[in-house]
Amino acid sequence: MQLYVIARHGESTLNAESRVNGDPAVPVQLTEAGREEARSLGQQVAHVPFELCVHTPFLRTRETAEVALSGRDVPFHELGELGDIDVGELEGKTIDDYRAWKHEHTRSDAFPGGESLDDAARRYADGFEYLLTRPERTILVVTHEIPLRYALNAAAGSNDLDGPAHQLANATPYLFNEVALSRAVAQIRSLT
């Protein structure tokens with residue numbers, strides 16, 4: 001059996017400011033609270049013999065992974081498909097601006113200069129499908145709230161990628177086996 005432990009990154013400086021970041025070229029670090037969350041994640045998974053750690057191109061996911069796995073000899077692999085949504089012109093805007101834009105548009109509408117929620121969801125499905133092809137039996141995945149939310153809801157068979165699980169805590173491990181992750185991929189694809 002394969003085990004995928006998927007976690008959102010620790011609190012970032014822009015999380016603390018309630019601002020959005022979908023551009024990995026913008027260096028957004030963890031806050032001290034975020035580093036503490038990453039240390040707590042490390043304690044929670046200390047006895048899982050990870051063979052690989054996957055993170056996104058965003059600094060906050062790499063930093064979370066490094067803190068959580070400090071002192072352990074686990075190889076890292078960057079996977080862009082699980083990166084945060086490209087919000088285009090909303091980069092750096094407030095969460096309220098982001099939510100207001102979403103409220104006025106459909107999932108298939110692209111953010112101005114960015115990608116649509118459906119495009120991002122299909123990208124996430126590709127990323128999760130890639131994980132299923134990896135030979136490692138235990139993988140830690142440090143990603144963002146939205147890909148994790150979509151995976152959780154899709155694996156549970158929800159017809160809404162945004163629910164019932166919606167607000168996910170930072171640096172909290174969620175466990176998937178290959179059956180659950182495969183189900184998530186199939187459901188994400190069917191809903192987009």
Side-chain angles (χ1 to χ4, degrees), residues 4-48 50 52-103 111 113-115 117 120-121 123-124 127-128 131 139-153 161-163 165-176:
Y4 306 91
V5 178
I6 306 177
R8 179 184 179 195
H9 58 80
E11 180 190 66
S12 73
T13 55
L14 288 186
N15 288 149
E17 296 172 10
S18 295
R19 298 194 173 278
V20 294
N21 166 238
D23 181 355
V26 176
V28 178
Q29 297 181 325
L30 297 180
T31 62
E32 184 51 46
R35 285 187 286 282
E36 184 56 40
E37 291 167 343
R39 283 189 283 276
S40 177
L41 172 63
Q43 291 171 343
Q44 292 176 70
V45 299
H47 303 293
V48 178
F50 291 116
L52 181 69
C53 176
V54 172
H55 61 87
T56 75
F58 291 77
L59 176 62
R60 59 190 177 267
T61 65
R62 173 73 187 219
E63 192 177 357
T64 299
E66 288 173 346
V67 171
L69 295 175
S70 179
R72 296 178 66 175
D73 186 23
V74 178
F76 282 49
H77 176 76
E78 185 176 290
L79 185 60
E81 287 84 352
L82 296 179
D84 223 339
I85 292 175
D86 179 355
V87 293
E89 295 171 17
L90 292 179
E91 179 67 34
K93 301 289 187 196
T94 68
I95 294 288
D96 288 340
D97 293 334
Y98 167 83
R99 289 179 179 150
W101 190 93
K102 273 180 54 177
H103 181 73
F111 288 98
E115 68 184 328
L117 293 169
R123 177 167 51 83
Y124 300 150
F128 292 130
L131 292 176
I139 300 176
L140 174 63
V141 181
V142 182
T143 186
H144 307 268
E145 181 179 22
I146 295 171
L148 176 54
R149 179 191 321 145
Y150 288 6
L152 284 169
N153 292 323
L161 294 176
D162 284 316
H166 188 69
Q167 299 263 340
L168 304 178
N170 294 88
T172 298
Y174 292 87
L175 310 180
F176 292 76

Flag, side chain of [X] to backbone of [Y], donor-acceptor distance under 3.5 Å:
X	Y	value
D86	G114	no
H103	R99	no
Y124	G83	yes
T64	R62	no
E37	A171	no
T61	T56	yes
Q44	P173	no

Is the closest side-chain heavy-atom distance between [X] and [Y] below 4.5 Å?
X	Y	answer
N15	N170	yes
L161	L117	no
V141	F176	no
K102	F111	yes
D162	Y150	yes

Take T94 and S18 through the side-chain contact (heavy atoms from CB on, under 4.5 Å) test and state the conclusion after the steps.
-> CA-CA 6 Å; T94 68; S18 295; 5.7 Å; no
Can you tell me how far the CG atom of L52 sits from the CG atom of L79, to the nearest 0.5 Å?
-> 9.5 Å
Can you tell me how far the CG atom of L14 sits from the CD atom of Q29, to the nearest 0.5 Å?
-> 11.0 Å
How far apart are the C-alpha atoms of V48 and L140, what are their side-chain angles, what is the distance that settles it, and do they pass the side-chain contact (heavy atoms from CB on, under 4.5 Å) test?
-> CA-CA 9 Å; V48 178; L140 174 63; over 6 Å; no
Specify the closest pair of heavy atoms between E89 and K93, including all atoms of both residues, with the distance to one decimal.
-> O-CE, 3.9 Å
Shortest non-hydrogen contact from A120 to I85?
-> CB-CG1, 3.5 Å
Going by distance alone, is a donor N or O of one side chain under 3.5 Å from an acceptor N or O of the other, for R60 and N21?
-> yes
Which of these passes side-chain contact (heavy atoms from CB on, under 4.5 Å) with Y4: V54, L131, L175?
-> L131
Do H9 and F58 make the cut of ring centroids closer than 6.0 angstrom?
-> no
